[in-house]
Amino acid sequence: MAGAVDGQMGGARRRLVELLRDKGIRDLAVLRAFDLTPRHAFVPTGLRHRAYEDSSLPIGSGQTISQPSIHARYLELLGLKGHERVLEVGTGSGYQTVLLSHLVAQVFTIERIASLFSMARDAINRAGATNVSMLMGDGTVGWREYAPYDAILVSAGGPGVPPALIEQLTDGGRLLIPVGTREEQTLKLIAKHGESHVVSDVAPVRFVPLFGTQGWEQH
Ligand code: SAM
């Protein structure tokens, strides 16, 4: 049965890849990762028919799987070559985690909500990704044990850039994080050079809040 569903979804997935190309995504490795990753396996069953729309969808606990073109933009901006060790803050459904698993050597991912963590773990295993390490906890403090990381992607919007994440970048490493209010943010790209770092504004974005020690306080 799962095979039949996967078959029906294959055409929709290829159309999504075409759409991403039309929206200006040029990195072939990123487009290939979208072609290899079954987004319908990361959304609630009742929303599977919408899995290949370019829209964010609810995944439970008030959280969302982000819009595919936002994921694609994030991944393209990092210019990944394949050898990197990457930290993802905000596993959510695990979809971007699996996209990353096709693009880098090792993915470390952190999610703070227990129910999402376990659903994502199952979906990531079913997708066959073997280069993913998962932690349940507060990603605003990073994952010191395996630092430094060549790239860090934060999938939720914070009031500022958590210093722990900059500390845990390699020299030459890059951090992508939405920063602003709880409602709207600017996507920031931070490039670390030795002891200093350069911050560039990429685009206005809207992400769910980044809660935690170095994020928003949860009331
Ligand atoms: N990229 C994900 C996907 O493909 O499904 C979507 C991520 S969703 C927009 C943001 C996630 O960040 C939510 O699951 C939320 O629980 C998580 N989150 C928020 N604050 C966090 C924190 N301090 N540490 C870890 N995860 C956090």
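Keep in mind the model is a prediction, meaning the values are calculated, not measured. Computed over heavy atoms, backbone and side chain alike; hydrogens, waters and symmetry mates excluded. Starting from 1, each residue takes its place in the sequence as its number. Just so you know, ligand 1 is whichever comes first in the structure, and atom 1 is the first atom listed for that ligand.
Only the side chain of Val208 comes within contact range of ligand 1, with a heavy atom under 4.0 Å; no backbone atom does. The backbone and the side chain of Asp138 each have at least one atom closer than 4.0 Å to an atom of ligand 1 (non-hydrogen atoms only). Heavy atoms of Thr97 found under 4.0 angstrom from ligand 1: none, in either backbone or side chain.
The ligand atoms of ligand 1 that sit less than 4.0 angstrom from a heavy atom of Thr64 are 6 (C), 7 (C), 8 (S), 9 (C). Within ligand 1, the atoms closer than 4.0 Å to a non-hydrogen atom of Thr140 are 23 (N), numbered from 1 in the order shown. Counting atoms of ligand 1 from 1 in the listed order, those under 4.0 Å from a heavy atom of Ile113 are 16 (O).
Distances from atom 16 (O) of ligand 1 to the heavy atoms of Gln96, Arg39, Glu111, Arg112 put Glu111 nearest. Evaluated by nearest non-hydrogen atom to atom 7 (C) of ligand 1, the leading choice among Gly142, Gly137, Gly90, Gly215 is Gly90.
Val43 has its side chain out of reach of Tyr95: every pair of non-hydrogen atoms, C-beta onward, lies at least 4.5 Å apart. Annotation: side chain of Gln96 is in contact with side chain of Glu88 (closest heavy-atom distance under 4.5 Å). The closest side-chain heavy-atom distance from His49 to His40 is not below 4.5 Å.
Protein heavy atom nearest atom 1 (N) of ligand 1, with residue, atom name and distance: His71 NE2, 3.2 Å. Atom 10 (C) of ligand 1 has Ser155 O, 3.3 Å as its closest protein atom, hydrogens excluded (heavy atom only). Ser93 OG, 2.6 Å is the protein heavy atom nearest to atom 5 (O) of ligand 1. Among protein heavy atoms, the minimum distance from atom 2 (C) of ligand 1 is reached at Thr91 O, 3.6 Å. At the top of the distance list for atom 23 (N) of ligand 1, counting protein heavy atoms only, stands Phe211 O, 2.4 Å. When hydrogens are left out, the protein atom nearest atom 19 (C) of ligand 1 is Pro209 O, 3.6 Å; that is the closest non-hydrogen contact. In this structure, atom 15 (C) of ligand 1 lies nearest to the protein heavy atom Gln63 OE1, 3.4 Å. Scanning the protein heavy atoms around atom 24 (N) of ligand 1, the nearest turns out to be Gly139 N, 2.8 Å.
A salt bridge is defined here as a Lys NZ or Arg NE, NH1 or NH2 lying under 4.0 Å from an Asp or Glu carboxylate O, and Asp54 with Lys23 meets this definition. In summary, Arg50 and Glu53 engage in a salt bridge, as defined by a charged side-chain N under 4.0 Å from a carboxylate O. With respect to Arg15 and Glu18, no salt bridge is recorded, no charged nitrogen being found less than 4.0 Å from a carboxylate O.
In plain terms, the two heavy atoms of Thr140 and Phe211 that are nearest each other are CG2-O, 3.8 Å.
Checking Ser61 against Ser115 by side-chain atom types alone, a donor-acceptor pair falls below 3.5 Å. In this model, no donor atom of one side chain and acceptor atom of the other lie less than 3.5 Å apart for Thr186 and Asp201.
Arg112 CZ: more than 12 foreign heavy atoms inside a 6.0 Å radius.
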